[in-house]
Amino acid sequence: MNNYRYDLIVSLGDHCIPHIALVESGLQKNDEKYPFDETRGIMWDKCGRGGLSGKVDLICNGFRNFLNLEGLEAREIDHYTKKLWVVNKETGMSFRHDFPIGVPIKDAYPQVLDDYKKRIALLYRKINQSSRVLFFYMTPIDNFDDGYLLEQQTKLQARFPKQRIDMLYIMQKTGLAPTEFVEHDLSKHVLRIDMDVRYTSKTDLWSIQLGNAELYHRILRRYEVIKKSDYALYNKVVRIRRETHGLFHSVTQRVDCIEKEKRYFYALSNIGYLRMKMCHFLLKKWVHRGEKRKKYSNEYKKIKCLLREAKIYRKAQINIIP
């Protein structure tokens, strides 16, 4: 699986750390929360190993019994989140971030239910608006069967046949160096990355929870979430680049390193924007002089329009890393 650009990336857990990693990597907005950003599957006889299959089944069946009041049971106080630890005995899901201490479950239930209804509605709406969706699952638990991982992608693809559904699994593998990871393409839609998720050189509780943050952040930095509105400009960039390729390199070959540029929005990076400006200058010069007018007039119009749009995006200060 060599695709790194998606319309939407969603965390499947197995706990809250993957959601935090997506936010810190700029792949998810902090104020956009989905149903599994802060939930964990702990009763594996109900929700499968690591809670993974249970979460996928909930997405596929419309979150049936996800928060039914009759199935909720209080366990103890979570001293880390300062909330009441509540478990759904029917689905095997646990909630450590939602129910306040000292308030009966039935009294806090309406507010929690309303919150999760909004998260569920947001999830389905975002998926339906997207064409490429990546579901991300990371766990400190090891020994997952590859067939089990592949099955989850198959179920999600059947539930959303109009979208391309990919899965990224970052799995615990004891024995690897702290900076080492190994990739396994299980299929063209499923990638499993083995690393030492639990590793940390620090001893405080939060660092232990985060685990090997430096390494999984490095992995996530390869991925991008692209707005649909950006695709039109991206497609224009690709077309102009293709049509002006020979022209540009015949005039100045010193910037052929741009061919190695991997960022999709290279037109707004410093080198890419300069390339557009140079193409625009040359085309304008030749068209206005009457030289090669017939051959390059269309390209001139296109790149002029493209530059206008690029300037608008640059003024908006879109966060682009060259």
Side-chain angles (χ1 to χ4, degrees), residues 1-13 18-37 52 55-56 58-60 62-63 118-138 149-150 152-170 183 185-193 216-217 219-239 241 261-269 272 306 309-310 312-314 316-322:
M1 188 180 79
N2 58 0
N3 185 50
Y4 296 113
R5 296 193 297 267
Y6 292 92
D7 304 311
L8 177 67
I9 300 180
V10 180
S11 170
L12 290 176
H19 161 66
I20 294 171
L22 289 179
V23 171
E24 292 180 346
S25 301
L27 300 174
Q28 187 175 326
K29 294 181 179 178
N30 192 34
D31 57 350
E32 285 185 351
K33 288 191 177 181
Y34 299 104
F36 301 125
D37 287 345
L52 178 60
K55 291 179 178 180
V56 171
L58 284 167
I59 293 175
C60 295
F63 287 84
K118 292 177 181 177
R119 297 188 187 199
I120 292 168
L122 177 66
L123 173 66
Y124 286 130
R125 184 170 73 251
K126 287 285 190 177
I127 292 177
N128 290 329
Q129 292 173 350
S130 304
S131 57
R132 300 185 226 182
V133 181
L134 177 69
F135 285 92
F136 170 49
Y137 181 84
M138 181 171 67
L149 302 181
L150 288 166
Q152 311 315 315
Q153 189 276 335
T154 303
K155 290 190 288 187
L156 287 169
Q157 188 64 76
R159 174 62 179 81
F160 303 105
K162 295 182 180 180
Q163 284 75 26
R164 168 178 172 156
I165 304 296
D166 290 346
M167 306 285 283
L168 170 64
Y169 298 106
I170 296 183
E183 300 185 57
D185 281 306
L186 304 187
S187 76
K188 66 178 182 178
H189 296 291
V190 181
L191 175 64
R192 190 190 89 223
I193 298 179
Y216 60 68
H217 276 120
I219 294 170
L220 291 175
R221 278 197 292 271
R222 301 184 300 182
Y223 292 84
E224 298 174 274
V225 173
I226 308 175
K227 298 177 184 177
K228 268 197 169 182
S229 59
D230 294 343
Y231 271 114
L233 182 56
Y234 168 65
N235 290 331
K236 286 183 181 180
V237 169
V238 172
R239 189 164 59 251
R241 179 188 180 190
E261 179 67 57
K262 300 218 174 170
R263 299 293 294 189
Y264 86 97
F265 227 158
Y266 78 91
L268 299 187
S269 68
L306 182 59
E309 293 193 34
I312 294 172
Y313 274 81
R314 285 169 74 86
Q317 294 182 339
I318 291 180
N319 183 25
I320 301 298
I321 304 175

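Because the structure is predicted, anything quoted here is derived from the model rather than measured.
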If you compare all heavy atoms of [X] against all heavy atoms of [Y], which two are closest, and at what distance to 0.1 Å?
X	Y	result
Ala158	Pro161	O-CD, 3.6 Å
Leu122	Arg125	CD1-NH2, 3.2 Å
Gly13	Lys55	CA-NZ, 3.7 Å
Ser11	Pro18	OG-CB, 3.5 Å
Arg119	Pro35	O-CD, 3.7 Å

Whether Phe160 and Tyr124 hold their rings parallel, tilted or perpendicular, with breakpoints at 30° and 60°: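 Answer is tilted, since the angle falls between 30° and 60°.
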Taking the side chain as everything from C-beta on, heavy atoms only, tell me whether [X] gets closer than 4.5 Å to [Y].
X	Y	value
Phe135	Ile59	yes
Met167	Leu186	no
Asp37	Leu22	no

Pair Gln129-Lys126, side-chain donor/acceptor within less than 3.5 Å: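 No donor-acceptor contact under 3.5 Å links the two side chains.
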Starting at [atom1] of [X], measure out to [atom2] of [Y] and round the result to the nearest 0.5 Å.
X	Y	atom1	atom2	value
Arg164	Ser131	CZ	OG	10.0 Å
Leu168	Tyr4	CG	OH	9.5 Å
Arg132	Ile9	CZ	CD1	11.5 Å

Is the backbone N or O of [Y] less than 3.5 Å from a side-chain atom of [X], with the two atoms forming a donor-acceptor pair by type?
X	Y	value
Asp166	Leu134	no
Gln157	Ile165	yes
Gln28	His19	no
Glu183	Leu191	no

Output field: ring centroids Phe63/Phe36 closer than 6.0 Å: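 That pair passes the under 6.0 Å test.
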Option among Leu12, Val190, Ile193 that satisfies the side-chain contact (heavy atoms from CB on, under 4.5 Å) test with Tyr169: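 It is Val190, the one option of Leu12, Val190, Ile193 that forms the side-chain contact (heavy atoms from CB on, under 4.5 Å) with Tyr169.
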Within 6.0 angstrom of Lys118 NZ, more than 12 heavy atoms from elsewhere: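 Count not over threshold, so no.
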Those residues that, when tested against Arg159, pass salt bridge (charged side-chain N to carboxylate O under 4.0 Å, His left out) (two or more places apart):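 Expected list: none.
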